[in-house]
Amino acid sequence: MENAFSATILNWYSAFGRDLPWRRTRNPYAIWLSEIILQQTRIAQGQAYWERFMAHLPDVQALAAATEDEVLRLWEGLGYYSRARNLHVAARQIVAMGGFPDTLEGIRALKGIGDYTAAAIGSIAFGIPAAVVDGNVYRVLGRHFGIETPVGTSAAKKEFTDLAQSLLPEDRPGDFNQGMMDFGALQCTPANPACITCPLAASCAALREGRVESLPVKKAGATVQVRPVTYVYLRCNGQTAIRRRGPGDIWQGLWEPLTEILPGLEPHLLKSGVRHQLTHRTLIADFYLAETDRPPALPNGYQWIQEAELDRFGKPRLFELLLQSLP
Ligand code: SF4
């Protein structure tokens, strides 16, 4: 469907869209990888990870053949590790299918892919006319069309998806979707949008009615919990003790140091009150170092490894922070 709104977005995207390496290809693996990495990560940080993955695991066969430890290590520092685990599982699904699925339903059926990511990959890699709806799209559409429905409700999801779908130009769905994301990230930004230079200003309801600040309407957010954490780095004859996190949490498959002070050890405090922000939780960590010549009995699940081997184990960011604070 040709309409003034999408024509403006497409023109703007041609002139101002970001030049990113995964936009220079139609390779679904490269595009999928970028979408998963960028789900919770800023582009500047995500690009380095994308390049690392493409260098080490250049295609879906390589990713499927990698071990979980290899994948988690490449992912280390990005957070939300379930993304990496799902990526790995999905690579094996794709190889078992004999190739990357090229329908929306096929892509949606892969592990770790929701409506948004399926529409993004489908439209960009295969030209499937499916509109994406993310925070940027809510903001741009909410402001331009003056929509009051609170974002985060199922009513909003339906309303914004239907609207985005009706605006989608069938011949360039990938460019339109990427144009909307960039437009929301660069022009119609959450704070201080650049209305003065905006090519949609003449038709923008929020600008006309003085509602730019109040749109889109947000639903009250989830509360953030605070959780204390104790991390003890044990050093004993060139070895340290770590354990792998079990299923059922965000750090599943990653390795962590001792999380309690063992009897008989007299660790000294390295840092207190280190804040680490997760989606719905703030961790406040105390870091200790315990040095001893006599190996203590380790709690369940822990194993000794050479300190020099620590690099080989995938670790959450908080553990990296502990390592950085070691003398
Ligand atoms: S005029 Fe301002 S609020 Fe309206 S679409 Fe443009 S940047 Fe966004």
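Numbering of ligands and ligand atoms starts at 1, following listing order.
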**Study point:** Result of checking I124, L63, I107 against W32 for side-chain contact (heavy atoms from CB on, under 4.5 Å)
**Key:** L63
Check your understanding: Name the one of R245, R317, R244 that satisfies salt bridge (charged side-chain N to carboxylate O under 4.0 Å, His left out) with E256?
Key -> R245
Review point. Using 4.0 Å as the upper bound for N to carboxylate O, is an ion pair formed by D19 and R23?
Key: no
Check your understanding: How about E266: does its CD atom have over 12 heavy atoms from other parts shown lying under 6.0 Å from it?
Key -> no
Review point. Hey, which protein N/O/S atoms does atom 8 (Fe) of ligand 1 have under 2.8 Å?
Key: C188 SG
Check your understanding: Does the pair R73 and D311 meet the rule for a salt bridge (Lys or Arg N to Asp or Glu O under 4.0 Å), with working shown?
Key -> CA-CA 9 Å; R73 246 185 9 261; D311 271 358; over 6 Å; no
Practice item. Please work out whether the ring planes of Y233 and F319 are parallel, tilted or perpendicular, with thresholds of 30° and 60°. Key: tilted
